[in-house]
Amino acid sequence: MTAIQLSHFTAVSALGYGIQSHVEALLAEKNALRQCDYSTAQLNTWIGRVPLLENHQMPHGFSDWYSRNNVLAYAALQQDNMQEKILASKQKYGEKRIGLLLGTTTSGFAEAERAYQACDTQGKLPDAYQHNKTANPFATVAFLREYLGLAGPAMTIATACSSSAKAFIMAHHWLALDLCDAVLIAGIDSLCLNILYGFNSLGILSSDICRPFDAQRAGLSLGEAAALLLVERPQSDKENRIGMLGYGESSDGYHLSAPHPEGKGAILAMRQALTMAQLLPQQIDYINFHGTASQQNDRVEDHAVYALFSDQVPASSSKGWMGHTLGAAGALEVIITVLAIQQNILLGTLNTTAVDPQFKSKILLRNQPGAIQRALVNSFGFGGNNCSLIIGELGHD
Amino acid sequence: MTKAIVCYVNAVAICAPGLPDWSTASTYLTTQKHWQLVDDAIPQTTILSPRERRRASHAVKLSLHLAEQLPQQMQLPANQLQTVFASAEGEGETFDSLAKALAQPHPEISPTIFHQSLHNSAAGYWHIATQSHQPSLALSVGEATFSGGLLAAASQTLLTEQPTLFIAYELPMPHPLCFKYPMLTWFGMGLGISPHQNTQTLAKITLRMIEAVPASPLTNSALDVLRTGNVIARSLPFLEQLARKKQGKIYVDSLPPWSLEVTFEDAAP
C-alpha cells in the first residue's frame with residue numbers, strides 16, 4: 001500500500017502535557033497511575049488521570065462546549081505547536097482539504113452525568129446542558145472542526161478500544177481517494193463515572209496497579225488521553241520520516257466483552273497488516289501490545305502474537321505507564337511507538353515483575369536499547385473489534 | 001471536486017413507522033400515497049438468541065433487523081461481509097439509563113447495559129451472531145451521518161474490493177434527553193454495496209463530494225415530514241431513486257460546505 005506519513009503529533013495523558021513529558025516518563029520508566037480520586041467515584045482501583053485538567057478552560061467564545069473531552073482536546077492543541085502546524089497545513093492545502101477523524105468511546109459523557117445529577121424535580125435536564133456540543137458521539141469533532149476552522153471530511157469512529165487505531169485506516173482511505181490532503185487524527189477519551197463503574201461492573205478493574213502480562217495481573221487501570229497526529233501523503237522534503245506502512249482489521253465474532261479464546265481475530269488483523277506492508281514477521285522489530293492486564297486479553301494476545309512471531313520479536317505493553325485510555329489508546333500508542341523508534345529504545349512493561357509462566361512471546365519487562373525500523377501496534381476493542389497497524393521509517397524515494 | 005467513488009447497490013432494506021419493508025416503502029416512494037406517522041413497534045431481530053433478544057436495545061433490534069435482510073439479496077453468506085454501522089447518537093436509550101444510574105449516590109450498573117452503551121454494540125452483536133471475522137466500523141457524523149456513512153461504506157468497498165453491509169439508524173431519545181435532541185420518530189435503512197455488478201444489482205452509483213447545493217426533494221411530499229424528522233431519513237431521496245430505478249443525480253446534505261452527489265446509472269448487464 002501507499003504509506004501515510006505521520007508529520008506532526010502531540011499527546012496529553014497522565015504522563016503530562018506534550019511529547020517531552022512523555023519521553024521523560026518513558027525513559028525514566030516512571031508510571032503516572034494513582035489510586036482512584038476521580039470526582040465522586042468510590043472504587044478501589046488505580047487510574048491514569050491527566051494532572052490538573054480541571055484547571056483548564058475552553059478557548060474564548062467556546063465556553064458552552066466545555067466537557068472533559070473537549071477541554072482535553074484543546075489542551076492537546078496547545079502542546080508542541082500542534083495548533084500552529086494544523087493552521088500551517090490549512091494554509092498549504094486549504095481548509096477544505098484537511099480531514100478530521102476522532103476515535104472515542106464515551107465522548108464527553110461526564111457532562112451528561114453532571115446534567116442528570118442536576119435534573120429538576122420534574123426530571124428535566126438543565127437548560128445549560130449542551131448535549132450536541134459536549135456529550136454526543138460527534139461532539140468533539142464538532143468542536144475541533146469549529147475551533148480550528150477545518151472544512152474537510154470529518155467523522156467520529158467509535159469501535160470502543162480500537163477507535164483511534166481505526167482512524168488511521170479511514171485516513172488512509174481518504175488520502176487514497178483524494179478526499180483531502182492531510183488528516184488530523186485525534187484519539188480522545190476522558191475519565192467519567194460511566195467507564196469507571198462500567199468496567200467495574202465487568203469485574204476487570206484491578207484494585208492493584210495494572211501489571212500487564214504478569215502472573216499476578218488482576219485487571220486494568222483506566223486512563224484518559226488526547227493523542228493528536230497530523231498525517232499526509234509522504235513528503236519528500238522531510239527527514240527521518242515515519243509513517244504507517246500497513247494495517248489490518250478484523251472482528252472476533254465471538255463475544256461482546258471477551259476476546260476469541262484462540263485469538264483468531266487478532267491473528268487475522270496482524271497477518272493482514274504484514275501482508276499489506278509486504279513484510280515478513282521477522283522484519284518487525286518491536287510489537288506494542290494492546291496489553292490491558294486483564295486475564296483474558298493478555299493470555300489471548302500472547303497466544304496470537306506467538307502464533308505469528310514465535311518468541312523472536314521484542315514486545316511490551318505501555319498500559320503500565322498511563323493506564324488504558326480506551327478510544328485514545330490506538331493513537332497514543334502509535335505516538336509512543338514513534339517515540340521508541342526515535343529514541344532507539346525497546347520499551348519495557350511497567351509494574352510487571354514476573355511474566356505469566358504460561359506466556360511464550362518475547363515480553364520485555366525493562367527498557368533496553370534497540371533500533372526499530374518497523375513496529376506493530378495492536379488495538380483490540382469491545383465487540384471483538386481488532387486493529388493492527390505497522391509503523392515505521394518511510395523509505396527514501 | 002474529488003475523485004469519483006463507484007460501486008453497486010445489490011441489496012436494500014428499510015424500516016420506519018408505516019414503512020415496514022422495502023416493498024411497502026417503494027409504493028410510497030414511487031406514488032403520492034399519503035404517509036402519516038403511525039405508532040409501529042420496532043421489529044424484532046431473528047438473528048439473536050431468545051435471551052439476547054430480551055436484553056437487546058431498540059437500536060440493536062432495528063439495526064440487526066435491517067442487516068439480516070441484506071446478505072440473501074446479495075447472494076452472499078453474512079459472514080463474508082464487512083460492515084459499516086452509522087448512527088448520529090447510537091444508543092440513546094442506554095445512554096439515558098446509564099446517566100440515570102450514575103446520578104445515584106451509590107451507582108449500580110449492569111454489565112449488560114454498560115457494553116450495550118457502546119456505539120459499536122450493534123456491530124458487535126451482528127458479527128457474533130453471524131460468526132463473522134470481517135472488519136466492522138461504527139461511526140457518527142452528527143447531522144450528516146447518512147451521507148458520511150454511505151461515503152465510508154462505498155470507499156471501503158472500492159478500496160478493499162470487498163462487499164460491504166451499510167446500516168444506518170436513528171432512534172428518538174427517551175425522556176428527558178428527547179428535549180435536547182428532538183426527533184420525529186425512528187428510522188433505519190440498509191444497503192448491500194458491492195464492487196461488482198451481479199444479477200441482483202439495483203443500481204450503479206457514483207459518489208462525489210461537491211460544494212453544497214440544496215438537498216434533492218422527494219416526489220411524494222407526504223414523506224417530507226419524515227425526511228426532516230430523523231437524520232437517517234435524509235436517505236429517502238436516495239431510496240426513491242432506487243425504488244424508481246431512475247438514472248441521474250441526487251444531492252444529499254453533508255457536513256458544510258459539502259453535499260454528497262450520487263449519480264445513479266442503469267445497472268442492466
Side-chain angles (χ1 to χ4, degrees), chain A residues 42 96 105-106 109 112-113 115-117 119 123-125 129-132 135-138 141-142 145 151 153-160 166 170 173-174 176-180 193-194 197-203 249-257 264-265 268 381-385 387, chain B residues 2-3 5 79 83 87-90 95 98-103 105-111 113-121 123-125 127-128 130-142 145 148 151-152 155-156 158-159 175-177 179-181 209 254-258:
Chain A
Q42 295 162 43
K96 292 177 188 167
T105 301
T106 50
F109 195 91
E113 292 167 4
Y116 273 74
Q117 279 162 3
C119 276
K124 185 173 164 287
L125 291 163
Y129 173 57
Q130 299 272 355
H131 181 71
N132 294 353
N136 92 351
F138 195 62
V141 178
R145 206 169 185 263
M155 178 181 290
T156 292
I157 292 175
T159 54
K166 300 272 260 195
M170 188 61 69
H173 288 181
W174 285 357
L177 293 168
D178 199 29
L179 293 170
C180 43
L193 296 175
N194 178 8
Y197 281 92
F199 275 89
N200 187 56
S201 78
L202 297 172
E249 48 178 343
S250 72
S251 299
D252 275 351
Y254 178 72
H255 190 275
L256 268 193
S257 55
K264 194 171 171 190
L268 281 171
F382 267 14
N385 201 308
C387 185
Chain B
T2 56
K3 266 186 202 167
I5 297 161
N79 67 2
T83 60
S87 180
E89 291 285 336
F95 183 106
L98 268 179
K100 280 177 179 150
L102 291 163
H106 298 284
E108 294 274 345
I109 289 182
S110 106
I113 292 284
F114 177 61
H115 62 222
Q116 281 186 354
S117 72
L118 299 167
H119 203 69
N120 65 327
S121 77
Y125 276 116
H127 284 263
I128 292 163
T130 60
Q131 299 186 326
S132 165
H133 295 299
Q134 296 299 318
S136 115
L137 189 63
L139 60 88
S140 165
V141 192
T145 293
L151 184 70
S155 303
Q156 190 152 317
L158 180 71
L159 292 171
H175 179 85
L177 258 185
F179 298 109
K180 299 291 181 181
Y181 195 88
M209 299 304 297
S254 192
L255 288 178
W258 299 101

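In what follows, chains carry the letters A, B, and so on, assigned in the order in which the sequence lines appear, proteins first and then strands, with residues in each chain numbered from 1.
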Region of [X] that comes under 4.5 Å of a non-hydrogen atom in chain B:
X: A:F109; answer: side chain
X: A:A135; answer: both
X: A:K96; answer: both

Which one of [options] has the most heavy-atom pairs closer than 4.5 Å to chain B?
options: A:G384, A:A160, A:G265; result: A:A160
options: A:C387, A:G123, A:S251, A:G383; result: A:S251
options: A:D252, A:L202, A:N194; result: A:N194
options: A:G203, A:A158, A:P153; result: A:A158
options: A:A154, A:A112, A:G381; result: A:A154

If you count heavy-atom pairs within less than 4.5 Å of chain A, which of [options] leads?
options: B:S117, B:S121, B:P107, B:A123; answer: B:P107
options: B:L159, B:I113, B:L118; answer: B:L159
options: B:I128, B:I109, B:L177; answer: B:I128
options: B:P176, B:G90, B:P105, B:S87; answer: B:P176

Going from [atom1] on [X] to [atom2] on [Y], what distance comes out if it is rounded to the nearest 0.5 angstrom?
X: A:T106; Y: B:L98; atom1: OG1; atom2: CG; result: 10.5 Å
X: A:M170; Y: B:L137; atom1: CE; atom2: CG; result: 4.5 Å
X: A:N132; Y: B:Y181; atom1: CG; atom2: OH; result: 6.5 Å
X: B:K180; Y: A:N136; atom1: NZ; atom2: CG; result: 13.0 Å
X: B:E108; Y: A:N200; atom1: CD; atom2: CG; result: 9.5 Å
X: B:Q134; Y: A:L268; atom1: CD; atom2: CG; result: 8.5 Å

Inset, instruction - Apply the side-chain contact (heavy atoms from CB on, under 4.5 Å) test between A:M155 and each candidate in B:V141, B:L151, B:T145, B:L255; give the one that qualifies. - result: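 Result for side-chain contact (heavy atoms from CB on, under 4.5 Å) with A:M155: B:V141.
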Inset, instruction - With the side chain counted from C-beta on, respond yes when B:M209 and A:C180 share a heavy-atom pair under 4.5 Å apart, and no when they do not. - result: no
Inset, instruction - Decide yes or no for A:P137 and B:E89: does some side-chain heavy atom of the first lie under 4.5 Å from some side-chain heavy atom of the second? - result: yes
Legend entry - A:Y197 ring center within less than 6.0 Å of B:F114 ring center: no
Inset, instruction - Would you name the heavy atoms of B:S136 and A:K166 that are closest together and state the gap between them? - result: O-NZ, 2.8 Å
Legend entry - Donor-acceptor pair, side chain of A:N385 and main chain of B:G124, under 3.5 angstrom: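 Side chain of A:N385 to backbone of B:G124, a donor-acceptor pair under 3.5 Å: no, none is there.
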For [X], is it the side chain, the backbone, both, or neither that has a heavy atom closer than 4.5 Å to a heavy atom of chain A?
X: B:Q156; result: both
X: B:S155; result: both
X: B:A88; result: backbone
X: B:S254; result: neither

